[in-house]
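Take a look at the structure below.
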Amino acid sequence: MTPQENYHDWLRDAHAMEKQAESMLKSMSERIDNYPDLRSRIAQHLTETQGQIQLLEEVMDRNNINRSVMKDATSKMAAMGQAFGGMFAPDEVVKGSISSYVFEQFEIACYTSLITAAEKAGDVASVDIFKRILAEEVAMAEWALNHIPDVTAQFLLRSDADGVEAKK
């Protein structure tokens with residue numbers, strides 16, 4: 001495959017990844033009841049993710065790249081499976097916080113690669129867009145990592161109290 005073909009394929013992957021993130025964040029924000037800081041930051045990142053999807057679609061349209069319905073559907077199904085599985089975990093909020101951090105790191109790596117691919121494919125107009133998205137992902141990853149101890153401490157406190165829901 002040429003650098004441009006790889007770039008186009010990776011753009012489709014990034015679009016599917018953000019669609020998956022959108023599904024996961026929606027599900028997570030709807031289920032969080034007792035952790036207002038986490039819920040607020042998830043809602044903020046959901047809005048950012050929806051903006052990222054729009055930016056990726058603009059880049060794809062500008063480059064005449066069709067969206068992969070299969071990749072988008074597969075990613076959404078994976079997100080639904082993850083959300084469904086989390087519903088049964090007694091420590092759902094802690095596992096969700098950890099998973100969120102890990103997913104952000106995956107996104108960071110993908111956008112770091114996509115920046116180089118865009119440069120090599122000659123799509124310099126998109127590099128700043130990817131750098132902007134990358135900065136949002138880095139900020140979310142840092143927030144998630146910095147707040148895992150707080151979410152964990154709150155969970156442990158809530159789970160130790162009688163009659164208090166801790167999992168979400």
Side-chain angles (χ1 to χ4, degrees), residues 3-4 6-32 35-63 65 67-83 85-86 92-152 168:
Q4 188 173 30
N6 279 309
Y7 171 57
H8 290 185
D9 194 41
W10 296 339
L11 266 170
R12 285 185 203 93
D13 290 344
H15 185 264
M17 173 182 69
E18 293 300 349
K19 294 297 261 184
Q20 179 179 0
E22 180 183 37
S23 294
M24 289 185 320
L25 291 166
K26 275 183 186 175
S27 176
M28 207 171 169
S29 69
E30 290 169 357
R31 295 196 42 78
I32 297 171
Y35 303 83
D37 290 344
L38 178 60
R39 184 179 183 163
S40 175
R41 187 59 177 101
I42 294 293
Q44 177 188 340
H45 195 55
L46 174 58
T47 300
E48 291 170 349
T49 299
Q50 290 165 334
Q52 293 166 3
I53 291 168
Q54 185 175 13
L55 289 171
L56 288 171
E57 289 175 353
E58 290 170 10
V59 169
M60 292 171 79
D61 290 345
R62 188 174 64 248
N63 286 278
I65 301 168
R67 291 168 190 72
S68 174
V69 175
M70 181 62 85
K71 285 183 181 185
D72 287 352
T74 302
S75 293
K76 282 188 169 187
M77 297 228 352
M80 287 191 302
Q82 183 177 354
E92 174 183 5
V93 71
V94 174
K95 285 186 174 137
S97 293
I98 294 167
S99 295
S100 175
Y101 173 72
V102 170
F103 193 81
E104 292 304 322
Q105 292 299 322
F106 178 74
E107 289 179 306
I108 288 167
C110 288
Y111 284 109
T112 300
S113 180
L114 202 52
I115 289 166
T116 300
E119 291 169 343
K120 296 291 183 194
D123 186 12
V124 294
S126 298
V127 170
D128 286 340
I129 290 169
F130 301 143
K131 286 181 179 179
R132 181 174 138 200
I133 294 172
L134 177 61
E136 290 175 349
E137 302 301 358
V138 167
M140 183 61 194
E142 288 174 358
W143 189 95
L145 182 61
N146 291 333
H147 286 80
I148 287 172
D150 184 50
V151 169
T152 303
K168 57 182 190 152

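Treat the numbers as computed from the prediction; the structure is a model and nothing was measured.
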What are the two closest heavy atoms between Tyr101 and Ala141, and how far apart are they?
-> CD1-O, 3.3 Å

Distance in Å, Ile32 CD1 paired with Met28 CE, rounded so as to fall on 0.5 Å steps = 4.5 Å

Roughly how far apart are Thr49 OG1 and Lys26 NZ, rounded to 0.5 Å?
-> 10.5 Å

Check: Gln50 and Glu18 side chains under 4.5 Å, non-hydrogen atoms = no

Supply the atom-to-atom distance Leu25 CG to Glu30 CD, rounded to the nearest 0.5 angstrom.
-> 11.0 Å

Closest approach of Ile42 to Ser29 (non-hydrogen atoms, all atoms of both residues) = CG2-CB, 3.7 Å

Between atom CD1 of Ile65 and atom OH of Tyr7, what is the distance when rounded to the nearest 0.5 Å?
-> 6.0 Å

Are any of the side-chain heavy atoms of Asp13 and Cys110 separated by less than 4.5 Å?
-> no

Pair Glu119-Ile115, side chain to side chain contact (heavy atoms under 4.5 Å, CB included): steps then yes or no | CA-CA 6 Å; Glu119 291 169 343; Ile115 289 166; 3.9 Å; yes

Trace of the side chain to side chain contact (heavy atoms under 4.5 Å, CB included) decision for His8 with Met60 | CA-CA 8 Å; His8 290 185; Met60 292 171 79; over 6 Å; no

The reported gap from CG in Asp123 to CG in Leu114 (rounded to nearest 0.5 angstrom) is 9.0 Å

Contact check, side chains of Gln54 and Glu58, non-hydrogen atoms, under 4.5 Å | yes

Do you know which of Glu136, Glu22, Glu104 makes side-chain hydrogen bond (donor to acceptor under 3.5 Å, both in side chains) with His45?
-> Glu104

His147 and Trp143 aromatic ring geometry - parallel, tilted or perpendicular at 30°/60° bounds | parallel

Side chain Ser97, main chain Val93, donor-acceptor under 3.5 Å = yes

Is the shortest heavy-atom distance from the side chain of Ser126 to the side chain of Arg62 under 4.5 Å?
-> yes

Search all heavy atoms of Ile53 against all heavy atoms of His15 and return the closest pair with its distance.
-> CG2-NE2, 4.0 Å

In Å and rounded to the nearest 0.5 Å, what is the CD1 to CG distance from Ile129 to Leu134?
-> 13.5 Å

Go through Glu48 and Arg41 one step at a time and tell me if the salt bridge (charged side-chain N to carboxylate O under 4.0 Å, His left out) criterion holds.
-> CA-CA 10 Å; Glu48 291 170 349; Arg41 187 59 177 101; 3.7 Å; yes

Could you tell me whether the side chain of Met140 reaches within less than 4.5 Å of the side chain of Glu107, counting heavy atoms only?
-> no

Using 30° and 60° as the class limits, which term best fits the ring planes of Phe130 and Tyr111: parallel, tilted or perpendicular?
-> tilted

Would a 4.5 Å heavy-atom cut-off, applied to side chains only, mark Val59 and Leu55 as touching?
-> no

Where do Thr116 and Thr112 land on the side chain to side chain contact (heavy atoms under 4.5 Å, CB included) test, with the steps shown first?
-> CA-CA 7 Å; Thr116 300; Thr112 300; 5.8 Å; no

